[in-house]
Amino acid sequence: MYYAYKKNLRGWYFRLVAEDNPVNQHMIRRMMQEMGYNVDVVENGIEATKAVKQRDYDVILMDVQMPIMDGIDAVLQIRSYGQNIFQPY
């Protein structure tokens, strides 16, 4: 299958999906790839906070209720990083 990956001014677009349900993970990954986006999927908020330190993401799709760290706490943690990571908005 051919994927036409999309680019932004800084290079490739990357999406992060934080979702604990494996069926939803598979469905979201497939849909995003068919739209031409690079996608990383993590299972909980702690993994999401680690992922944003390793790569710049243009969009993060965050589940609210996850084990270990929920989406709200993960977003607060990510926003607290301030200028240390790429935050487009």
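Values reported hereafter were calculated over all heavy atoms of this structure, with side chains retained and with hydrogens, waters and symmetry mates removed. No experiment lies behind these values; they were computed from the predicted model shown.
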Does any N or O in the side chain of [X] come within less than 3.5 Å of the main-chain N or O of [Y], such that one atom is a donor and the other an acceptor?
X	Y	result
Asn44	Glu47	yes
Gln25	Glu19	yes
Gln77	Asp73	no

How many angstroms lie between [atom1] in [X] and [atom2] in [Y], if you round to the nearest 0.5 Å?
X	Y	atom1	atom2	result
Arg55	Asp40	CZ	CG	4.5 Å
Ile60	Phe14	CD1	CZ	13.5 Å
Met35	Arg15	CE	CZ	8.5 Å
Asp63	Ile28	CG	CD1	8.0 Å
Asn24	Arg29	CG	CZ	13.0 Å

**Asked** Below 4.5 Å, heavy atoms only, C-beta onward: do Leu61 and Leu16 meet side chain to side chain?
**Response**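 Answer no - side chains too far apart.
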**Nearest heavy atoms of Val42 and Ala51, plus distance in Å** =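 Nearest heavy atoms, Val42 then Ala51: CG1-CB, 4.4 Å.
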**Exercise: identify the closest heavy-atom pair between Ala74 and Gly45** = CB-CA, 3.7 Å
Verify the cluster assignment for [X] and [Y]: are they in a single hydrophobic cluster under the rule of side-chain heavy atoms below 4.5 Å apart?
X	Y	result
Val41	Val59	yes
Val75	Tyr81	yes
Tyr57	Met62	yes
Leu76	Val64	yes

**Request:** Report the residue from Met31, Arg30, Met32 that forms a side chain to side chain contact (heavy atoms under 4.5 Å, CB included) with Val39.
**Result:** Met32
**Prompt:** Using a distance-only test with no angle check, is there a side-chain donor-acceptor pair under 3.5 angstrom linking Asp58 and Tyr37?
**Reply:** no
